[in-house]
Amino acid sequence: MGGISAERAISLSTGRQIVAGLDRDKYIPMALDAAMLSGGRSIESAPGVPILALDMYEHAYHLEFGANAGAYIAAFMRNIDWSAVQQRYEDAIKVAPPRPLEQKEFADVPSISVEEVREMMKSGTPVQIIDTRPKHYTTKAQDIMDGAVWRDPERLDDWIGTLSKTEPVVTFCVYGFHIGCQTTSTLRKAGFDARYMAGGHYAWKAIKGPVKLFE
């Protein structure tokens, strides 16, 4: 790792969960961290098959190793049962990819990827981006997509008149499922060129899209 020991490199990730796994769709090695396991998601719900996990939050090693995260990692490495890891790997490559989520009631509602939204913003393409995460969720949210405005999805009739029909509309919710699709469907029926952002807020953060403080 560029002249840095494995212990030192991993220790720089203090405060994270380091998990070695396989991408469920492509069967390639991948690293998961706390960002992928946020929002109450567990390792089991992460986008991969866990093989080997190392807890790098301070509580995991502080009592025995103090601030010496490198010593904690070295001890962890010495005690790995690599035969068990190999067995987990062999089991992981046999796991079938998960079935894609189907929302039949929104089958005709068009979506847009977070990468496409990012390119639209970079190119200066006029677009109205609406954050429709539920009100109860936003009370604890710390950030919002930069360039987006939050609107209560349950009060759509109150703010639909503020949107322009001459510019495209992109809506999103937490994970890009029901609420974002429902809002987009309603807007399209009202004559707007609307699409929902697949993957929602967390997909945007996963590609390191710019966010700002939610106020």
Side-chain angles (χ1 to χ4, degrees), residues 15-17 19 21 23-25 30-50 57 97-122 127-160 162-163 167-190 192-215:
R16 313 178 85 182
Q17 295 166 313
V19 184
D23 183 285
R24 284 194 175 106
D25 295 318
M30 66 181 301
L32 313 178
D33 61 29
M36 292 185 179
L37 305 176
S38 57
R41 301 172 68 189
S42 65
I43 287 179
E44 289 76 13
S45 66
V49 181
Y57 280 93
R99 295 181 181 182
L101 175 68
E102 293 185 7
Q103 300 184 100
K104 295 181 180 180
E105 67 271 39
F106 301 122
D108 60 342
V109 178
S111 65
I112 184 171
S113 70
V114 289
E115 290 84 3
E116 289 175 310
V117 174
R118 181 172 58 186
E119 289 307 311
M120 289 178 70
M121 297 176 69
K122 285 184 177 180
V127 58
Q128 304 168 96
I129 304 176
I130 311 299
D131 180 342
T132 59
R133 288 177 291 174
K135 187 174 183 179
H136 69 82
Y137 188 92
T138 59
T139 58
K140 57 184 178 181
Q142 297 181 339
D143 52 29
I144 183 174
M145 176 181 172
D146 194 16
V149 294
W150 179 79
R151 295 288 183 263
D152 189 341
E154 295 184 1
R155 302 177 64 90
L156 188 148
D157 289 341
D158 293 342
W159 52 264
I160 191 172
T162 66
L163 299 178
E167 297 178 0
V169 180
V170 173
T171 71
F172 68 90
C173 50
V174 182
Y175 297 114
F177 294 139
H178 189 82
I179 297 177
C181 293
Q182 189 175 55
T183 305
T184 294
S185 178
T186 301
L187 290 175
R188 291 185 67 81
K189 290 177 181 177
F192 291 90
D193 176 16
R195 288 173 286 176
Y196 73 92
M197 188 169 72
H201 182 70
Y202 277 99
W204 179 256
K205 293 185 69 173
I207 65 166
K208 301 186 184 304
V211 296
K212 61 183 180 182
L213 184 67
F214 192 102
E215 300 178 337

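Computed from a prediction, not measured in an experiment: that's the story for all the values here.
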Handout entry: Flag, side chain of R195 to backbone of P110, donor-acceptor distance under 3.5 Å
Key = no
Practice task
Flag yes if more than 12 heavy atoms outside E154 fall under 6.0 Å of its CD atom; otherwise flag no.
Solution key: no
Problem - K122 and E119, any side-chain heavy atoms less than 4.5 Å apart - result: yes
Handout entry: Single hit among L163, V170, T183 for side-chain contact (heavy atoms from CB on, under 4.5 Å) with I130
Key = L163
Exercise for the section: Could you check if a side-chain atom of M145 sits within less than 4.5 angstrom of a side-chain atom of D131, using non-hydrogen atoms only? Expected result: no
Handout entry: Candidate pair H178 and F106, rule side chain to side chain contact (heavy atoms under 4.5 Å, CB included), full reasoning
Key = CA-CA 8 Å; H178 189 82; F106 301 122; 3.4 Å; yes
Completion exercise
Output for pair (R118 CZ, M121 CE), nearest 0.5 Å, gives 10.5 Å
Completion exercise
On a heavy-atom basis, the closest approach of E167 and V127 is OE1-N, 4.3 Å
Exercise for the section: Starting at OG of S185, measure out to OH of Y196 and round the result to the nearest 0.5 Å. Expected result: 11.0 Å
Fill in the blank from the handout: In short, A198 meets A203 closest at the heavy-atom pair O-CB, 3.8 Å
Exercise for the section: Using atom types as modelled and distance alone, determine if a side-chain donor or acceptor of W204 lies under 3.5 Å from a backbone N or O of V114. Expected result: no
Exercise for the section: For the pair F192 and I160, evaluate side chain to side chain contact (heavy atoms under 4.5 Å, CB included) and give the outcome as yes or no after the intermediate values. Expected result: CA-CA 10 Å; F192 291 90; I160 191 172; 3.6 Å; yes
Problem - By side-chain hydrogen bond (donor to acceptor under 3.5 Å, both in side chains) - contacts of T184 (at least two apart) - result: T171
Problem - Within 6.0 Å of NZ in K212, more than 12 heavy atoms from elsewhere - result: yes
Problem - Within residues 139-149 or reaching into it, pairs that qualify as side chain to side chain donor-acceptor pair (under 3.5 Å) - sequence neighbours excluded - result: D143-H201, D143-K205
Practice task
Calculate, to the nearest 0.5 Å, the distance between atoms CH2 and CD1 belonging to W150 and I144 respectively.
Solution key: 9.5 Å
Exercise for the section: Begin from the C-alpha positions of F172 and I129 and carry the test side chain to side chain contact (heavy atoms under 4.5 Å, CB included) through to its verdict. Expected result: CA-CA 8 Å; F172 68 90; I129 304 176; 3.7 Å; yes
Exercise for the section: Please check if the side chain of S111 supplies one atom and the backbone of M197 the other of a donor-acceptor pair under 3.5 Å. Expected result: no
Fill in the blank from the handout: I179 and P134 have their tightest heavy-atom pair at CD1-CG, 3.2 Å
Problem - Euclidean distance, F214 CZ relative to Y137 OH, rounded to 0.5 Å - result: 10.5 Å
Exercise for the section: Calculate, to the nearest 0.5 Å, the distance between atoms CG and OG1 belonging to D152 and T138 respectively. Expected result: 7.5 Å
Fill in the blank from the handout: Note: C173 and R133 closest approach over all heavy atoms is C-CG, 3.5 Å
